[in-house]
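Only heavy atoms go into these numbers, but all of them, side chains included; no hydrogens, no water, no symmetry mates. All ligand and atom numbering here is 1-based and tracks the order in the structure.
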Amino acid sequence: MSTTVLQRHLFGPGPCNPYPEATAALGLPLLGHLDPAFIARMDRVGDGLRTLWGTKNTRTLPLSATGSAGMEAAFVNTINPGDVAVIAINGLFGERMCEVASRVGAEVVRVDHEYGTPIDAERVAAAHPNPTVIAGVHAETSTGVVSDIAALGAIKGDALLIVDAVTSIGGMPVLADEWGIDIGYAGTQKCIGVAPGLAPFTISDRAFERRVQKPQSWYLDLGLLGGYATGASGGGRTYHHTAPVAMVTSLEAGIDRILAEGLDAVTTRHQEAGKLLQDGLEAMGLELFATEGYRLPQLTTVKVPEGTDSAKVRGYLLERFNIEIGGGVGQYANTVWRIGLMGPNANPTSVALILAALKEAIDKA
Ligand SMILES: *Cc1c(COP(=O)(O)O)cnc(C)c1O
């Protein structure tokens with residue numbers, strides 16, 4: 001049996017094309033999950049993630065599941081039935097937070113924002129006098145918008161601040177401690193430039209001390225996970241579940257790649273590529289979707305021109321150029337495209353390729 005190898009240019013909202021170092025690491029020999037060499041690797045990954053998160057939190061680890069599991073872990077460990085969760089919604093992932101929080105019994109207080117606009121911290125503050133948690137998405141991949149998380153940290157009061165940094169981490173600064181993030185979760189397949197499958201996660205001591213004592217999820221119970229990846233429970237490493245050894249090894253390589261380039265340089269590379277793409281799209285006469293001043297460089301949302309069939313253009317890009325871009329979300333499914341420039345794709349060559357291909361696709365599809 002053979003597998004057809006398709007080499008795509010993944011310019012969608014995720015996964016992106018991984019850094020070559022991360023792909024190569026997937027082919028390394030496996031280690032046992034309790035092998036001292038693997039435990040040392042997990043320690044290195046924890047250190048690297050602390051740097052990416054901008055945190056000193058001991059409990060910083062890659063959860064063994066995708067970004068959405070990070071979201072589940074955040075709520076299942078903080079919400080007892082009836083607790084109030086104030087959730088800022090400005091896209092699909094804020095919506096998903098509401099669903100997850102309500103399933104663990106939260107009284108969800110929604111703060112809805114128009115899609116394409118950033119979170120308004122004052123409206124979030126006014127929504128409830130003493131919530132248990134406040135939650136919001138740093139980089140809304142569904143709309144291409146960045147929100148000011150420090151502003152949420154400033155108004156959180158006694159609440160715990162839960163932040164989705166799935167699309168921001170590894171592409172723009174995330175300063176968990178400085179901004180007052182109590183729980184942050186991310187993914188590997190966006191700007192970290194590693195295949196999907198892990199959820200880089202961080203939780204402050206303050207949040208850990210207040211955690212739910214017997215959360216509904218055994219797998220995502222942070223009280224049990226302490227000894228799995230961080231040794232933070234004391235008494236050394238314990239078996240909780242079998243670590244996804246290959247994925248952790250790949251994540252280590254991805255983090256090493258980012259830190260070797262330097263976080264500032266990586267941020268600048270994403271900013272410059274995003275600006276180049278957004279300027280280029282406007283020069284083609286296209287209109288950007290996200291509010292000016294709050295546009296993510298790593299994920300650009302652009303309106304499908306009047307009279308153009310969105311699906312046909314995307315199909316043309318895939319067939320002729322092996323390029324994947326994303327469609328819009330919800331009511332914008334057919335009227336917005338989402339173009340990612342994440343990780344290794346954040347470079348001028350990729351921008352030139354996508355601009356030229358999109359122009360041809362719009363003309364000919
Ligand atoms: C991709 C994404 C998620 C979900 O991550 P999965 O790895 O698909 O589970 C959550 N939040 C945001 C902002 C994302 O971009």
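- Between the side chain of Arg50 and the backbone N or O of Thr58 there is at least one donor-acceptor pair closer than 3.5 Å.
- Judged purely by atom type and a 3.5 angstrom limit, Asn322 has no side-chain atom pairing as donor or acceptor with the backbone of Leu6.
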Identify all pairs of nitrogen or oxygen atoms, one from ligand 1 and one from the protein, separated by less than 3.5 Å, and list them with distances.
from     : atom 1 : to     : atom 2 : distance (Å)
ligand 1 : 7 (O)  : Gly67  : N      : 3.0
ligand 1 : 7 (O)  : Gln189 : NE2    : 2.8
ligand 1 : 9 (O)  : Thr66  : OG1    : 2.7
ligand 1 : 9 (O)  : Gly67  : N      : 3.4
ligand 1 : 9 (O)  : Ser68  : N      : 2.8
ligand 1 : 9 (O)  : Ser68  : OG     : 2.6
ligand 1 : 11 (N) : Asp164 : OD1    : 3.4
ligand 1 : 11 (N) : Asp164 : OD2    : 2.6
ligand 1 : 15 (O) : Thr141 : OG1    : 2.3
ligand 1 : 15 (O) : Thr167 : OG1    : 3.0
ligand 1 : 15 (O) : Lys190 : NZ     : 2.6

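- Counted by atom type alone, Asn57 and Ser204 present zero donor-acceptor pairs between their side chains at under 3.5 Å.
- With values rounded to the nearest 0.5 angstrom, Gln298 atom CD is found 9.0 Å from Leu341 atom CG.
- Cation-pi geometry between Arg96 and Phe93 is not met: the NZ or CZ atom fails to fall both under 6.0 Å from the ring centre and inside 45° of the normal.
- Looking at Arg206 and Asp182, a side-chain N of the basic residue comes within less than 4.0 Å of a carboxylate O on the acidic one, giving a salt bridge.
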